[in-house]
Amino acid sequence: MGVVEKIDGDVSPAPSQLHQESVAVKDTYEPWMVREPYGPGGFQGIFTNHYVTVCAFFATLGGLLFGYDQGVISVTLVMDQFLNRFPRVSETVSGAGFWKGLMTAMLELGALIGALFAGWCADKLSRKWSIVVAVIIFTVGSILQTAAVEYGMLTVGRLIGGVGIGMLATISPLYISEIAPPEIRGALLVLQEFSIVLGIVIAFWTTYGTRYMSSEWSWRLPFLLQMIPGLTLGVGIVFLPFSPRWLSSKGRDDEALQVLGKLRGLPTTDSRVHQEWCEIRAEVTFKQEVSWERHPNLQKPTRGNRFRLEVQSWLDCFRHGCWKRTLVGCGIMFFQQFVGINALIYYSPSLFKTLGQDYEMQLLLSGIINCTQLVGVITSLWTMDRFGRRPLLLVGAGLMFISHMIIAILVGKFGDQWSNYATEGWVAVAFLFFYMFSFGATWGPVPWAMPSEIFPSSLRAKGVALSTCSNWLNNFVIGLVTPPLVQNTGFGAYTFFAVFCLLAFVFTFFLVPETAGASLEQMDAVFKDVSSEAEEARKARIEREIREETRESFGSTA
């Protein structure tokens with residue numbers, strides 16, 4: 001490259017060159033200024049990029065498993081056949097609430113562990129093979145849950161299955177973001193949230209039907225069925241390509257070009273493919289130089305240095321050039337939970353009960369509410385790329401705030417006498433459905449899409465892992481605070497979540513930039529966190545030199 005030199009066998013930037021790169025960049029070529037699209041954007045583009053869509057579809061089976069494993073336990077916990085086998089969680093037993101909560105929370109604890117492990121695994125083994133590892137772990141957990149004969153075995157199965165779920169919830173959107181063209185990346189990432197909600201719906205209606213079985217297969221069968229999409233994902237992903245960005249990060253640039261051409265359905269000599277390939281290589285080289293500058297004493301390939309460099313790379317997520325992205329990724333996952341989605345799903349059966357609905361109608365309406373969220377997610381397949389991520393978050397926060405406030409007023413005024421105010425009660429239910437639709441259309445899919453597209457290539461796996469961990473941690477906190485909040489405050493619970501909807505609006509307005517239509521390599525410009533002229537000049541110089549190196553091979557297409 002002419003700007004690096006060998007030090008103990010490692011590539012590092014020449015100090016003299018680093019000083020020379022403090023030139024102004026206004027006259028430097030910036031590759032993101034001109035970009036020819038691959039085709040139509042948004043939902044329409046899905047049907048013109050067949051191979052990428054198929055790859056994304058298989059990857060989102062991880063989201064289906066995530067949703068299914070979360071949803072399968074809700075109806076299972078009230079099955080007599082299940083309670084006879086595990087009396088410890090029956091309401092008639094002292095301390096059942098703790099044991100029930102512990103068993104349910106094991107999935108979230110395992111997912112938190114899995115998300116942290118996924119960051120290292122995705123970088124080390126590749127996104128593709130990490131999904132296979134996650135499926136194997138998930139399958140082991142599913143076998144234990146299906147065959148469970150006592151409480152401890154079931155709880156351990158939930159924990160192990162949760163590790164696999166946490167890995168899949170991290171790696172699947174990461175893989176999708178790295179293979180998708182910018183024009184349809186948002187629509188493809190929406191498939192992740194769509195699959196999660198679809199998994200919840202499938203799990204609910206599966207258990208709704210199997211509860212009529214008299215044997216223990218009423219609850220064992222739903223646990224068994226979740227292995228089918230898991231094994232389908234594990235086998236199918238083997239035949240899918242590696243992420244071209246991961247290949248480039250490992251120095252396999254020629255293979256990355258071939259994969260990129262296949263994913264785009266274009267010859268490798270196409271100018272658009274060549275431009276994206278050069279941007280990917282420039283991003284990788286730039287981050288390697290920055291890593292060498294930040295950690296010059298950790299570049300020798302020893303085991304100790306590899307471990308310390310791994311630790312430092314996690315810390316790099318909170319340093320200059322990335323901390324804004326970590327704040328956005330973890331922040332939107334925080335608000336996704338604290339706007340009250342899981343809390344309202346938890347409380348909806350109780351709300352339906354206060355309206356005089358019998359047990360069957362409570363379950364039926366709870367299932368319909370999940371379908372309402374699914375309908376909302378479907379709309380974002382079209383809106384995500386057409387209107388952008390930021391407008392969806394702002395509008396969604398506003399609509400959810402209004403819904404919470406109206407429900408809070410109705411519950412506060414009529415909550416103790418719904419039987420005399422049936423109309424007001426159904427108005428509250430209507431706004432509950434409206435809230436679920438609004439969440440599904442906005443704050444459901446966007447927080448799963450953005451983390452996988454905002455981080456630089458060298459830190460993307462770890463940044464997505466941290467964001468996903470934020471989701472699981474806050475999910476766990478919401479699970480703890482919601483029951484006493486609803487029980488002790490009534491309408492105060494809705495007011496509490498309304499405040500966080502308002503804070504989510506403020507957070508988005510001031511801190512969340514628009515990422516729609518930008519390539520993964522353009523996020524430095526989007527976040528404006530490559531602040532110095534020297535860094536800007538270096539990045540432009542790296543890509544210019546990469547282009548010059550390949551110009552002879554590609555001729556005018558370079």
Side-chain angles (χ1 to χ4, degrees), residues 59 62-63 65-66 107-138 159-160 162-179 189 192 237 242-250 283-284 287-288 290-291 294-295 298 303 305-319 321-334 447-476 520 523:
L65 297 177
F66 171 19
L107 178 71
E108 296 169 356
L109 178 60
L112 183 65
I113 297 171
L116 288 172
F117 174 65
W120 173 84
C121 192
D123 282 337
K124 183 71 174 179
L125 302 180
S126 80
R127 286 52 164 146
K128 172 179 172 177
W129 291 114
S130 295
I131 290 177
V132 176
V133 172
V135 168
I136 292 173
I137 296 174
F138 172 79
L159 176 66
I160 295 175
V163 173
I165 288 297
M167 292 182 65
L168 289 171
T170 301
I171 301 170
S172 293
L174 173 64
Y175 179 76
I176 294 171
S177 72
E178 292 192 342
I179 66 173
L189 286 170
Q192 173 74 1
I237 198 71
F242 289 100
S243 159
R245 288 166 171 85
W246 180 83
L247 288 171
S248 187
S249 72
K250 299 302 180 182
E283 172 77 5
V284 170
K287 296 304 176 183
Q288 287 174 345
V290 171
S291 175
R294 287 179 174 175
H295 318 296
L298 301 179
R303 180 174 299 178
N305 279 350
R306 282 195 293 267
F307 174 77
R308 286 190 288 270
L309 193 59
E310 178 72 16
V311 173
Q312 289 297 325
S313 64
W314 284 96
L315 296 177
D316 283 343
C317 291
F318 300 94
R319 292 176 175 141
C322 199
W323 71 267
K324 292 180 183 178
R325 312 180 201 208
T326 303
L327 176 63
V328 169
C330 294
I332 57 177
M333 283 296 195
F334 168 85
W448 284 108
M450 286 196 72
S452 56
E453 63 184 6
I454 62 178
F455 289 96
S457 59
S458 59
L459 300 176
R460 189 170 295 127
K462 294 175 176 61
V464 174
L466 287 172
S467 302
T468 307
C469 286
S470 172
N471 181 280
W472 290 112
L473 179 61
N474 290 296
N475 194 339
F476 179 75
L520 299 183
M523 292 303 163

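Residue numbers start at 1 and run along the sequence shown. All values reported here derive from a predicted model rather than from experimental measurement.
- Taking 4.5 Å as the limit, some side-chain heavy atom of Arg325 sits within range of a side-chain heavy atom of Pro456.
- Looking at Arg127 and Ile131, their side chains never come closer than 4.5 Å, going by heavy atoms from C-beta outward.
- The backbone N or O of Asn471 lies less than 3.5 Å from no partner atom in the side chain of Asn475, so there is not a single donor-acceptor pair.
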**Request:** Would you check, one step at a time, whether the test side-chain contact (heavy atoms from CB on, under 4.5 Å) holds for Val284 with Gln288?
**Result:** CA-CA 6 Å; Val284 170; Gln288 287 174 345; 3.6 Å; yes
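- Asp316 CG to Gln312 CD: the interatomic distance, rounded to the nearest 0.5 Å, is 6.5 Å.
- Here the shortest heavy-atom pairing between Ala465 and Ala115 reads CB-O, 3.1 Å.
- No side-chain donor-acceptor contact under 3.5 Å links Ser177 to the backbone of Glu453.
- Inter-residue side-chain proximity for Trp129 and Phe242 is flagged as met; some heavy-atom pair is nearer than 4.5 Å.
- Environment of NZ in Lys250: crowded, with over 12 heavy atoms of neighbouring residues, nucleotides or ligands closer than 6.0 Å.
- In terms of heavy-atom proximity, Cys121 sits nearest to Ser130 at O-OG, 2.9 Å.
- The shortest heavy-atom contact between Trp246 and Leu125 is CZ2-C, 4.0 Å.
- Thr326 contributes no side-chain N or O that, together with a main-chain N or O of Phe318, makes up a donor-acceptor pair within less than 3.5 Å.
- Taken from CG in Leu168 to CD1 in Ile137, the straight-line distance is 9.0 Å, to the nearest 0.5 Å.
- Annotation: the span from Leu112 atom CG to Phe117 atom CZ amounts to 14.0 Å, rounded to 0.5 Å.
- Contact of the Asn305 side chain with the His295 side chain is not registered, since no non-hydrogen atoms from C-beta on lie closer than 4.5 Å.
- Summarising the geometry, atom CG belonging to Leu109 is positioned 4.5 Å from atom CD1 belonging to Ile113; distances are rounded to the nearest 0.5 Å.
- The closest side-chain heavy-atom distance from Met333 to Asn474 is not below 4.5 Å.
- Of all non-hydrogen atoms in Phe334 and Ser470, the two that sit nearest each other are N-OG, 3.7 Å.
- Put simply, the side chain of Ser313 gets close to the backbone of Glu310: a donor and an acceptor are under 3.5 Å apart.
- Summarising the geometry, atom CD1 belonging to Ile454 is positioned 6.0 Å from atom OG belonging to Ser467; distances are rounded to the nearest 0.5 Å.
- Under the 4.5 Å side-chain criterion, counting only non-hydrogen atoms from C-beta, Leu189 is in contact with Ser452.
- In terms of heavy-atom proximity, Pro451 sits nearest to Val464 at O-CG2, 3.4 Å.
- Side-chain contact between Ile165 and Trp472 is present, with at least one heavy-atom pair separated by less than 4.5 Å.
- Considering only residues two or more places apart in sequence or on other chains, Glu283 meets the salt bridge (charged side-chain N to carboxylate O under 4.0 Å, His left out) condition with Lys539.
- Under the salt bridge (charged side-chain N to carboxylate O under 4.0 Å, His left out) criterion, Arg460 pairs with Glu178, sequence neighbours left out.
- Of the inter-residue distances, the one linking Gln192 atom CD with Phe66 atom CZ reads 8.0 Å to the nearest 0.5 angstrom.
- Listed here is the closest heavy atom pair of Ser243 and Tyr175: N-CE1, 4.1 Å.
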